[in-house]
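The analysis underlying the following values was restricted to heavy atoms, covering all of them including side chains, and did not include hydrogens, waters or symmetry mates. Start at 1 with the first residue, then count along the sequence.
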Amino acid sequence: MQPSLDSLSKILDADCILTDDDSLKQYGKDWTNQYPVKPMAIALPRTTEQVAKIVKWANDNNIAIVPSGGRTGLSGGAVASNGELVVALDKMNKILDFEKTTQQAKCQAGVITEQLQQFATDNELYYPVDFASSGSSQIGGNIATNAGGIKVIRYGLTRDWVMGLTVVTGKGEILELNSGLVKNATGYDLRHLFIGSEGTLGLITEATIKFTRPPNNLTVLLLAIEDMTKVTELLNLFQKEVDLTAFEFFSEEALQKVMAHHKLPRPVETQAAFYCLLEFDVDSEDRLEKALECFEACLEQELIQDGVMSQSQQQAEELWKYREYISETISARKPYKNDISVTPDKVSEFLTKVDGIVSEQYPDFEVIWFGHIGDGNLHLNILAPESMSYSEFTTACEKVNPMIFDVLKDLGGSISAEHGVGLLKKPYLNYSRSDAEIAYMKGIKAVFDPNNIMNPGKLI
C-alpha cells in the first residue's frame, strides 16, 4: 500500500491524505451499521483537476474508489469494506457563482444542502429539496442518489433542479454537462445518467442548481385518520383547491414514541390509527377559505376524525415536530428500514398487505410507519424485541424482504425510493428492474468506467 500512497502524495498535499484509524472509520461508512469498514486511505481533493488525477492514479494502480459525500445514506452506498480509496469532497465546499437572471448557482459538490438553502434565502429565493439530513448531507451525494424529501409533491426531486454538472468519469476524463442551459437539443443528456448513479460512473465535482421563488405563509394541517383506504380521496380533495408543498403520514405507534421521547402533548384530541400532515401556501384569504372548506368537507364525509390547523409560523413548526422527530426517536432501537415506493393510489393496499406479512411472520416485532403519501414513498421501520441480538434480528428481517418486495413488484413499486441501492438493496434490484434494464446499466458502466474502479460492488 505504501508505494501507492507515496505516489498519491504527488497529487495532494499531506493534510489531504488521511490514514489514521479515526479518519478511516469516519469517512469509510454511511449511516448503515452492518458492513465492515476497511478503506486504505481517505483522499480530500480541493479541485476537479485533482479529482481527475486521483482517478487516473487509481486506474494506473488498480485501486478502487468509493466516493464520499455527507455519508448520510442508508443503503451502504458510501461504505468502503475492501481496501478502497475513499474520495471525500468535504474540502470542495464553495459556492462558485450566482446568476440572478437565470436564478442559478454553481457550487462544488461538497457544499452542504442547508448551506445552499441558506444561500438561496439570502438572495430572496428558495431551494426546495429538503429532508432531515440537510444539515450534513452534501449536494454531490444528493445528486448521486437523486434525493427527494418532504417537498417532492410540489417541487419534485433533486433531478428537477440540476441544470448542469461537472463530472470526472471512471477513466479520469472531465466532462461539462449541459452548462446551465434550459434548452439543449443536442442528443443524449449525459447529466441525467450521473444523477442517481450512486458514484458508479464517476465523481460529481460541481453542479449548477436552479432556485425558485419562496413560498408564502406556509400553513400546516395535522389530521387524524382511521382508515388509510380514504387517503387517496383526501389527497385529491385538497390538491384541487390548494398548492400542497407536503403531504406526510405517520402511524399512532410513531406518534406515541415521539410524544414520550420529547415530552410533547397529543396534537389532536382524537386518537387514530394514522395521521396526515399537510403543508400548503396561503397566499391570500381566498386560499385559506378554500383550505378550511376542504377540512370541513373531510369531516362531513368522514374522511378524517379530527384535525388542527396552524395559526402561526411557530405553530406550524411545532406540528412538523411530530413528523420530523420520528427517525431520531426510534434510532436508539436500531430499526431495520425499508425505503420503498408505490404510486399514491396504491399506498393503502401496499401498507395493508405488508402489515399482514410482518404480523404473520414476526408477531413480536414492532412496526413503525411514516413517509410521504403525496409521492407514494413509505418508510417501513421494524423494531426488534429487546431480547434479540441485532444480527439475529437483521437476518430475520432479510427473510421477510422477498415477501415484501413481491408485493411491491406486483404493484409496480420500487425497492428504493430515496437512498439508492448501494449494498443493502443490490440483491433485490431485479424486483424493480428487468434483466434487460440491468444489462443496459452494466453496459453503461463499462463505457464510463471500463476498469470497474468506481464504487465497485454497489448498485449492480
Can you name the nearest heavy-atom pair linking [X] to [Y], along with the distance?
| X | Y | result |
| --- | --- | --- |
| V86 | A80 | CG2-CB, 3.7 Å |
| R191 | L165 | O-CD1, 3.7 Å |
| A254 | I368 | CB-CG2, 3.6 Å |
| G172 | A52 | O-CB, 3.6 Å |

Does this structure show an ion pair linking [X] with [Y], if we count only N-O contacts that are shorter than 4.0 Å?
| X | Y | value |
| --- | --- | --- |
| D410 | K346 | no |
| E279 | K151 | yes |
| K353 | E349 | yes |

Assess the pair F98 and F119: is the distance between their ring centroids shorter than 6.0 Å?
->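 Between F98 and F119, the centre distance is under 6.0 Å.
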
Around atom [atom1] of [X], are there more than 12 heavy atoms from other residues, nucleotides or ligands closer than 6.0 Å?
| X | atom1 | result |
| --- | --- | --- |
| D122 | CG | yes |
| K91 | NZ | yes |
| Y440 | OH | no |

Hey, are the side chains of [X] and [Y] touching, using non-hydrogen atoms and a 4.5 Å cut-off?
| X | Y | answer |
| --- | --- | --- |
| I63 | W57 | yes |
| Q26 | I42 | no |
| V87 | L89 | yes |
| W369 | V354 | yes |
| D449 | T169 | no |
| L424 | K337 | no |
| W31 | S133 | yes |
| V367 | L380 | yes |

Are E248 and W320 linked by a side-chain donor-acceptor pair shorter than 3.5 Å?
-> no

Could you tell me how the ring of F393 sits relative to the ring of Y336: parallel (under 30°), tilted (30 to 60°) or perpendicular (over 60°)?
->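 It falls in the perpendicular class, over 60°.
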
Option from Y126, W161, Y127 for which side chain to side chain contact (heavy atoms under 4.5 Å, CB included) with F211 holds = Y127

